[in-house]
Amino acid sequence: QVQLVESGGGLVQAGGSLRLSCSASGRTFSGFTRGWFRQAPGKEREFVAAISGSGGSTYYSDSVKGRFTISRDNAKTTVYLQMNSLKPEDTAVYYCAAATEGTITIRNVDAWGQGTQVTVSS
């Protein structure tokens, strides 16, 4: 059974920082592409960031580029999302995800986490 568990969400003021973590268990994830998505109330789930299986390549949506950083640990089972200069529009439930393919989109995700709430107050 594949499991992804997020942690690190919470309430922060605009301009602040949070770090999300996503731990994987139940299967070897070292070669999987890992990513973060988010879903705000009334909106569709959207891509935020992704990191390749080797950790050598990272990808970001335009809305978070320069503010968020995705990384993974040496064992490649835990993925992090460092979020700086947070804005109220970053408020959403953040989901971590894993995909066996070289890229990750909503359509090819093989496993989802349960989500963690991030709220940014103005």
Quick check: does any side chain N or O of Thr91 sit under 3.5 Å from a backbone N or O of Val120, one acting as donor and the other as acceptor?
yes
Check step by step if side-chain contact (heavy atoms from CB on, under 4.5 Å) holds for Ile51 and Thr33.
CA-CA 6 Å; Ile51 188 165; Thr33 301; over 6 Å; no
With sequence neighbours left out, what residues match Thr69 under side-chain hydrogen bond (donor to acceptor under 3.5 Å, both in side chains)?
none
Given side chains that start at C-beta, do those of Thr103 and Asn108 come closer than 4.5 Å, heavy atoms only?
yes
Sorted by chain and number, sequence neighbours left out, salt bridge (charged side-chain N to carboxylate O under 4.0 Å, His left out) with Lys65 holds for Asp62
Pairwise salt bridge (Lys or Arg N to Asp or Glu O under 4.0 Å) hits with a residue in residues 100-120, at least two apart
none
Sequence neighbours left out, what passes ring-ring contact (aromatic ring centres under 6.0 Å, His included) with Phe47? Give chain and number order.
Phe37
Holding to ring-ring contact (aromatic ring centres under 6.0 Å, His included), I want the full list of residues that pass it with Tyr95, two or more places apart in sequence or in another chain.
none
Please step through side-chain contact (heavy atoms from CB on, under 4.5 Å) for the pair Thr78 and Arg72, ending with a clear verdict.
CA-CA 6 Å; Thr78 299; Arg72 61 197 304 168; over 6 Å; no
Using only atom types and a distance under 3.5 Å, with no angle test, would you say the side chain of Glu6 pairs donor to acceptor with the backbone of Gln114?
yes
Looking at CD of Gln82 and CD1 of Ile70, how far apart are the two atoms once the value is rounded to the nearest 0.5 Å?
12.0 Å
Pair Tyr59-Ile104, side-chain contact (heavy atoms from CB on, under 4.5 Å): steps then yes or no
CA-CA 10 Å; Tyr59 311 89; Ile104 189 167; over 6 Å; no
For the backbone of Ser71 and the side chain of Arg34, can you confirm whether one donor and one acceptor N or O come within less than 3.5 Å of each other?
no
May I have all residue pairs that pass salt bridge (Lys or Arg N to Asp or Glu O under 4.0 Å) and include part of residues 87-99, sequence neighbours excluded?
Arg38-Asp90, Arg67-Asp90
